[in-house]
Amino acid sequence: VQLVETGGGLVQAGGSLRLSCAASGVAYTMSTMAWYRQAPEKQRELVAVITNGGSLNYADSVKGRFTISRGDARNTVDLQMNSLKPEDTAVYYCYVPDFPRVWGQGTQVTVSP
């Protein structure tokens, strides 16, 4: 199983970015996919979760600004990030509970003041 995250970059505060993740090497549609992030010198934290049943959960810090959605292809997930703040600066990782030890390389998001 491999997770590949794309879409990060440098943006000014108030701007938007869209992250994408593709999970390969899985022969079935995984029911749950999620995004985590890790800022410098901080622990990795859960950002958003989506299930096939349509359940969505967000960290309080991103509610109303971020939207998680399943991509068109199987086992893909996107994260639309709006109204970005400097405190959103982190490496963002895709996560699939079916393979809890698998992490991708992450994608860097940097929000300037």
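From a predicted model like this one, the values you see are computed outputs, not experimental measurements.
Within the structure, the side-chain hydrogen bond (donor to acceptor under 3.5 Å, both in side chains) test picks out the following pairs touching residues 68-77 (sequence neighbours left out): Asn52-Arg70. Annotation: salt bridge (charged side-chain N to carboxylate O under 4.0 Å, His left out) contacts involving residues 91-100, sequence neighbours excluded, are absent. Screening residues 7-101 for disulfide bond (SG atoms under 2.5 Å apart), with sequence neighbours left out, gives Cys21-Cys94. Residue pairs meeting the ring pair (Phe, Tyr, Trp, His ring centres under 6.0 Å) criterion with at least one member in residues 16-46, sequence neighbours excluded: Tyr36-Tyr95, Tyr36-Trp103. Applying the salt bridge (charged side-chain N to carboxylate O under 4.0 Å, His left out) test to residues at least two apart or on different chains, none of the pairs has a partner in residues 104-113. Residue pairs satisfying the side-chain hydrogen bond (donor to acceptor under 3.5 Å, both in side chains) criterion with at least one member in residues 12-24, sequence neighbours excluded, are listed as follows: Ser16-Asn82, Arg18-Asp78, Arg18-Gln80, Ser20-Asp78.
The side-chain heavy atoms of Glu5 and Leu19, taken from C-beta on, include no pair separated by under 4.5 Å. In this structure, the side chains of Val109 and Thr89 stay at 4.5 Å or more apart for every pair of heavy atoms. Looking only at side-chain heavy atoms (C-beta outward), Arg44 and Tyr93 come within less than 4.5 Å of each other. Counting only heavy atoms from C-beta outward, the side chains of Val47 and Phe66 approach each other to under 4.5 Å. When side chains are defined from C-beta on, Gln38 does not count as touching Tyr92, because their heavy atoms never get closer than 4.5 Å.
For the pair Ala34 and Ile68, the tightest heavy-atom approach, listed with the atom from each and the gap, is CA-CD1, 4.3 Å. Shortest non-hydrogen contact noted between Pro113 and Pro86 is CA-CG, 4.0 Å.
Residues satisfying the side chain to side chain contact (heavy atoms under 4.5 Å, CB included) test with Val11, not counting sequence neighbours, are Leu17, Leu84, Val111. Residues meeting the side-chain hydrogen bond (donor to acceptor under 3.5 Å, both in side chains) test with Thr67, sequence neighbours left out: none. The side-chain hydrogen bond (donor to acceptor under 3.5 Å, both in side chains) test applied to Gln2 returns no partner, not counting sequence neighbours. Listed by chain and number, the residues in a side-chain hydrogen bond (donor to acceptor under 3.5 Å, both in side chains) with Lys42 amount to none (sequence neighbours excluded). By the side chain to side chain contact (heavy atoms under 4.5 Å, CB included) test, Arg65 is found to be paired with Val62, Ser83, Lys85, Asp88, residues two or more places apart in sequence or in another chain being considered. With sequence neighbours left out, the side-chain hydrogen bond (donor to acceptor under 3.5 Å, both in side chains) criterion links Thr110 to Gln108.
One hydrophobic cluster, built from ILVMFWY side chains closer than 4.5 Å, holds both Phe99 and Ile50. In terms of hydrophobic clustering, with Ile, Leu, Val, Met, Phe, Trp and Tyr side chains grouped at heavy-atom distances under 4.5 Å, Met33 and Val4 are assigned to different clusters. Hydrophobic clustering of Ile, Leu, Val, Met, Phe, Trp and Tyr side chains at less than 4.5 Å, counting indirect connections, keeps Leu3 apart from Val49. Leu56 and Met30 fall within a single hydrophobic cluster, where Ile, Leu, Val, Met, Phe, Trp and Tyr side chains are chained together by heavy-atom contacts under 4.5 Å.
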Report task. Test Val96 against Thr32 for side-chain contact (heavy atoms from CB on, under 4.5 Å), laying out the working first. Result -> CA-CA 6 Å; Val96 290; Thr32 302; over 6 Å; no

